[in-house]
S.K.: 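Following this message is one structure expressed as structure tokens.
Chain identifiers are assigned alphabetically (A, B, ...) following the order of the sequence lines, protein sequences preceding nucleic acid strands; residue numbering begins at 1 within each chain. Only heavy atoms go into these numbers, but all of them, side chains included; no hydrogens, no water, no symmetry mates.
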Number of protein chains: 2
Amino acid sequence: MDRPAPLVLLIEDEPQMRRFLRAALGGHDYRLVEAATAKEGLAQAAGRNPDVILLDLGLPDTDGLEVTRQLREWTRTPIIVLSARGREQDKVAALDLGADDYLTKPFGVEELLARIRVALRHASLQPGDAPDPVFEMGELKVDLAQRQVFRAGQQLHLTPTEYRLLVALVRHAGKLLTHRQLLQEVWGSNFITQTHYLRIYIMQLRQKIEPDPTRPRLLLTEPGVGYRFKAD
Amino acid sequence: MDRPAPLVLLIEDEPQMRRFLRAALGGHDYRLVEAATAKEGLAQAAGRNPDVILLDLGLPDTDGLEVTRQLREWTRTPIIVLSARGREQDKVAALDLGADDYLTKPFGVEELLARIRVALRHASLQPGDAPDPVFEMGELKVDLAQRQVFRAGQQLHLTPTEYRLLVALVRHAGKLLTHRQLLQEVWGSNFITQTHYLRIYIMQLRQKIEPDPTRPRLLLTEPGVGYRFKAD
DNA sequence: CGGCATCTTAACGCCGCCTTAACAAGCCCG
DNA sequence: CGGGCTTGTTAAGGCGGCGTTAAGATGCCG
């Protein structure tokens with residue numbers, strides 16, 4: 001379920017509006033890239049591959065309609081036009097050139113956010129959506145999206161705590177995780193002294209995922225410090 | 001290959017606005033179906049399979065938001081909301097329920113036509129999921145458009161709540177759905193703690209759709225976490 | 001107003017998971 | 001060489017989640 005925060009490209013010259021949108025998007029789990037000119041915007045669109053583009057029509061170097069046209073020559077990334085021009089013919093022109101939505105300034109933050117969600121929803125329905133983010137190491141396979149674990153093709157049954165512990169380890173595969181970190185992440189802050197829990201569940205995990213549980217090859221002990229999940 | 005003129009479904013009670021839109025669409029190679037109530041609109045949406053839906057929020061029998069919600073249970077046909085309500089929270093609510101666009105009355109004909117073109121453009125990019133969205137797994141068949149469920153060819157009768165629960169599970173087949181997610185989607189945000197509702201209805205569903213209800217093969221329990229509908 | 005379908009609430013036994021305890025084995029240190 | 005610490009392993013108890021049943025409340029239809 002944990003895909004990275006959507007990347008929003010904002011092409012807008014007025015610093016005031018930039019600050020406004022930065023604040024609006026900041027609290028809502030979006031990553032933001034800013035461009036002050038059409039030229040820079042086109043470059044960022046190509047370079048960063050954003051999930052949605054917010055485009056001001058009144059740019060200093062090139063007209064926003066032209067930017068829309070150029071973007072649509074090679075990408076279908078959703079474009080939401082933000083413009084002070086409220087004339088109908090402006091909206092029609094932008095939409096027919098390939099923009100997906102058109103908001104007239106001034107607009108409300110909540111409406112903008114809702115329309116961004118619509119744009120992202122559209123994009124996510126497009127074909128070519130990769131199967132799932134799946135961790136594979138050796139004969140072990142962990143599908144985070146479906147919350148399923150396989151060993152040698154066989155599905156395993158893990159209890160909730162076992163699964164949370166495995167996920168914590170796998171997500172930082174290769175890195176060393178201290179007892180504190182693991183207890184904090186799996187059981188919560190009130191349990192960071194109960195290292196005993198760790199031993200029990202580490203052992204249960206090894207029973208289920210290790211070919212030879214007595215001689216661990218994936219789930220390694222770092223004596224005195226913590227545990228580490230072996231990366232490929 | 002000339003495809004037929006796009007079919008537009010207009011759900012709107014005011015005769016005045018109907019006449020206006022009839023005239024607007026008339027000259028532009030669209031076919032138009034009209035419905036004056038929510039009930040009729042839902043029926044037409046299922047029966048005529050329109051390419052885009054224009055929906056007024058102020059219907060006499062049911063709120064337009066509820067219509068949006070019900071449509072989105074089984075179809076992704078673009079919905080453009082036409083409303084006299086211009087408040088931001090109305091827009092956000094409609095868009096988050098699955099509407100694709102929101103126009104506040106009064107609006108210009110040209111803008112509406114442009115936004116219809118955007119909606120059709122989006123739809124044409126979708127993969128060819130032409131016919132009724134029907135889920136089939138094993139001997140179970142769920143027809144979302146007709147709101148009908150079959151097991152081994154026999155039609156089943158499900159209560160409204162049972163049906164909504166099944167739809168929620170089937171639409172994310174393979175994925176694990178937490179208690180919270182299911183309660184949220186089927187009963188609403190005020191019920192996310194009433195996990196015993198789930199147990200009751202899960203059991204009733206199993207009685208109806210499982211060959212051997214005591215040994216579930218489609219509707220699986222993930223202890224401590226939620227439920228999962230088995231994908232093929 | 002009565003009857004039916006559906007939703008809601010209550011109650012209970014069972015199984016599985018978490019928790020706790022106890023002990024063996026390995027390692028560092030004096 | 002021995003004591004104390006950390007780690008691994010096994011077993012048992014209690015609690016909560018889950019499935020199941022049934023009765024009461026609610027709402028809709030004629």
S.K.: Counting only heavy atoms not in B:Arg72 (residues, nucleotides, ligands), do more than 12 fall under 6.0 Å from its CZ?
M.R.: yes
S.K.: Can you see if the side chain of A:Thr195 gets near the phosphate of D:dT6 - specifically, an N or O under 4.0 Å from OP1 or OP2?
M.R.: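 No, A:Thr195 has no side-chain N/O under 4.0 Å of OP1/OP2 on D:dT6.
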S.K.: Quickly work out the B:His179 NE2 to D:dG17 P distance and round it to whole Å.
M.R.: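 Roughly 9 Å, once rounded to whole Å.
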S.K.: With a cut-off of less than 4.0 Å, is there a side-chain N or O of B:Tyr227 near OP1 or OP2 of D:dG19?
M.R.: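 Affirmative; the distance criterion is met.
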S.K.: CG of A:Leu165 versus C1' of C:dC17: gap in Å, rounded?
M.R.: 15 Å
S.K.: Can you pull out the residues from residues 206-222 of chain B that lie within a 4.0 Å heavy-atom distance of DNA chain D?
M.R.: B:Arg206, B:Thr214, B:Thr221
S.K.: For the pair made of NE2 in B:His196 and C1' in C:dA11, what is the distance, rounded to whole Å?
M.R.: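 Interatomic distance, NE2 of B:His196 to C1' of C:dA11: 12 Å.
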S.K.: Side chain of A:Glu162, backbone of A:Gln204: donor and acceptor closer than 3.5 Å?
M.R.: no
S.K.: Taking CD1 from A:Ile200 and P from C:dT19, how many angstroms apart are they, rounded to a whole number?
M.R.: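 After rounding, the gap between these two atoms is 10 Å.
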S.K.: Please report, rounded to the nearest Å, how far the P atom of C:dT8 is from the CD1 atom of B:Ile202.
M.R.: 15 Å
S.K.: In terms of side-chain heavy atoms of B:Met203, which of D:dT7, C:dC17, D:dT21 is nearest?
M.R.: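 Out of D:dT7, C:dC17, D:dT21, the nucleotide with an atom closest to B:Met203's side chain is D:dT21.
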S.K.: Rounding to an integer number of Å, can you tell me how far A:Arg228 CZ sits from D:dT7 P?
M.R.: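 Checked: the CZ to P distance equals 15 Å.
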S.K.: Is the backbone N or O of B:Val186 less than 3.5 Å from a side-chain atom of B:Arg164, with the two atoms forming a donor-acceptor pair by type?
M.R.: yes
S.K.: Using the side-chain heavy atoms of B:Trp187, tell me which of these nucleotides is nearest: C:dT8, D:dT20, D:dT9.
M.R.: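 Between C:dT8, D:dT20, D:dT9, the one nearest the side chain of B:Trp187 would be C:dT8.
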S.K.: CG of A:Leu205 versus P of D:dT9: gap in Å, rounded?
M.R.: 13 Å
S.K.: Count the heavy atoms belonging to other residues, nucleotides or ligands that lie under 6.0 Å from CZ of B:Arg217, then report whether that count exceeds 12.
M.R.: no
S.K.: B:Arg228 side chain to B:Leu220 main-chain N or O, any donor-acceptor pair under 3.5 Å?
M.R.: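 Side chain of B:Arg228 to backbone of B:Leu220: no pair is present.
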S.K.: Any chance you could lay out the side-chain contact (heavy atoms from CB on, under 4.5 Å) test for A:Leu113 and A:Arg117, step after step, and finish with the verdict?
M.R.: CA-CA 6 Å; A:Leu113 291 172; A:Arg117 287 193 290 273; 3.9 Å; yes
S.K.: Could you tell me how far apart B:Arg199 (CZ) and C:dC12 (C1') are, to the nearest whole angstrom?
M.R.: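 Atom CZ in B:Arg199 sits about 12 Å away from atom C1' in C:dC12.
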S.K.: For DNA chain C, whose closest nucleotide is more 5', that of A:His157 or that of B:Glu162?
M.R.: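 This one resolves to B:Glu162.
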S.K.: May I ask you to evaluate whether A:Tyr201 reaches the phosphate of C:dC17, defined as a side-chain N or O under 4.0 Å from OP1 or OP2?
M.R.: no
S.K.: With the side chain counted from C-beta on, respond yes when B:Leu140 and B:Phe229 share a heavy-atom pair under 4.5 Å apart, and no when they do not.
M.R.: yes
S.K.: OP1 or OP2 of C:dC17 sitting under 4.0 Å from any side-chain N/O of A:Thr159?
M.R.: no
